Asker: 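Before anything else, here's the structure in question.
Computed from a predicted structure; not experimentally measured. In what follows, chains carry the letters A, B, and so on, assigned in the order in which the sequence lines appear, proteins first and then strands, with residues in each chain numbered from 1.
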Amino acid sequence: MMIRPQEEDEVIHQQEGEEEAAVTAEMSEKIQNYRTAPFDARFPNTNQTRNCYQNYLDFHRCSKALSAKDQDPAPCEWYRRVYKSICPMDWVQRWDDQLEEGSFAGKI
Amino acid sequence: MFRMGVEHAKRHPGIVPQMFLICLGMGGAFVYLIRLARGPHVTWNRKENPEPWNKLDPTYQYKFMSINTDYKNLKKEGPEF
């Protein structure tokens, strides 16, 4: 069957839409069954500071990236749950304030 | 210089285990220092490779011995973006 160029774009777009829907469904199930932050092999030691900071950054980067691509930023909720579990409240509040002011030091 | 060392060792044989243990200790310290420097938790080059720990496989094992953690079945948790 010969597919014209416009149809081909539509087919790809539809496939991407389906994949995106599958990822979002899987993530929302994971988020519903969330209990606490799972073991992260990148941070195996007792000092979990970097784990906290990395998830905070990942949440904001993910939201920014998915909004830029016009996708639903709901899957990023996973990172938010993880950093809320691990990070001290003071730090989260401080970083949120810095983000609002525009003086946050991390790269988002 | 090494010949002098060997001559000394023949006259004072106690030097041999002492030197051996010193080399072992200092060598071990340097080896561990190099392991720490090459580890994924260090950022050497902020422009090119700012977060090397993000490039790891989710089953990567840094510690020598793993007792309760099942490294084979770990997966990446969060969504891609």
Side-chain angles (χ1 to χ4, degrees), chain A residues 16 19-31 33-51 53-83 85-86 105-108, chain B residues 2 5 14-81:
Chain A
E16 277 177 10
E19 278 171 26
E20 192 191 313
V23 164
T24 312
E26 188 191 309
M27 274 321 297
S28 55
E29 198 194 313
K30 251 176 143 175
I31 291 169
N33 298 335
Y34 183 85
R35 307 293 240 131
T36 189
F39 175 73
D40 194 334
R42 297 173 294 175
F43 315 106
N45 293 315
T46 306
N47 185 348
Q48 295 288 297
T49 310
R50 198 156 255 168
N51 193 351
Y53 190 55
Q54 191 60 53
N55 279 297
Y56 185 82
L57 288 178
D58 280 346
F59 171 66
H60 289 284
R61 288 176 187 169
C62 172
S63 308
K64 186 171 166 195
L66 290 186
S67 313
K69 286 197 267 187
D70 285 326
Q71 289 171 8
D72 178 26
C76 302
E77 178 71 11
W78 172 267
Y79 294 121
R80 199 184 77 90
R81 299 295 295 271
V82 174
Y83 86 67
S85 304
I86 309 184
K107 188 158 163 243
I108 292 192
Chain B
F2 287 112
I15 284 191
V16 172
Q18 186 178 35
M19 281 297 131
F20 172 67
L21 287 173
I22 288 181
C23 289
L24 189 64
M26 294 205 57
F30 273 111
V31 162
Y32 199 73
L33 194 59
I34 296 188
R35 168 178 149 91
L36 283 177
R38 282 161 40 102
H41 57 271
V42 178
T43 300
W44 287 106
N45 188 343
R46 256 192 302 171
K47 303 270 165 58
E48 323 256 304
N49 192 7
E51 292 173 359
W53 53 88
N54 280 333
K55 304 207 169 120
L56 295 173
D57 178 39
T59 58
Y60 174 72
Q61 179 174 348
Y62 177 74
K63 296 192 168 186
F64 290 136
M65 233 181 85
S66 119
I67 306 181
N68 278 331
T69 314
D70 179 9
Y71 277 93
K72 301 255 169 29
N73 297 331
L74 290 175
K75 285 173 290 217
K76 178 171 156 72
E77 302 284 342
E80 300 277 335
F81 57 91

Asker: If you check every heavy atom in residues 45-58 of chain B against those of chain A, which residues fall under 4.5 Å?
Answerer: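 Listed by number: B/Glu51, B/Trp53, B/Asn54, B/Leu56, B/Pro58.
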Asker: Using non-hydrogen atoms only, which part of A/Glu26 is less than 4.5 Å away from chain B: side chain, backbone, both, or neither?
Answerer: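 Neither part, no heavy atoms under 4.5 Å.
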Asker: Determine all donor-acceptor pairs shorter than 3.5 Å in which one atom belongs to a side chain in residues 24-42 of chain B; sequence neighbours excluded.
Answerer:
unit_1, atom_1, unit_2, atom_2, d
B/Arg35, NH2, B/Tyr62, O, 3.1

Asker: The criterion is salt bridge (charged side-chain N to carboxylate O under 4.0 Å, His left out); which residues satisfy it with A/Arg81, sequence neighbours excluded?
Answerer: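 By the salt bridge (charged side-chain N to carboxylate O under 4.0 Å, His left out) rule, A/Arg81 matches no residue at all.
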Asker: With only heavy atoms counted, which part of A/Lys107 is less than 4.5 Å from chain B, the side chain, the backbone, both or neither?
Answerer: neither
Asker: With a 4.5 angstrom heavy-atom cut-off, which part of A/Asn55 approaches chain B: side chain, backbone, both or neither?
Answerer: neither
Asker: Quick check on the structure: residues of residues 36-43 of chain A within a heavy-atom distance below 4.5 Å of chain B, by number.
Answerer: A/Pro38, A/Phe39, A/Ala41, A/Arg42, A/Phe43
Asker: With only heavy atoms counted, which part of A/Arg50 is less than 4.5 Å from chain B, the side chain, the backbone, both or neither?
Answerer: side chain
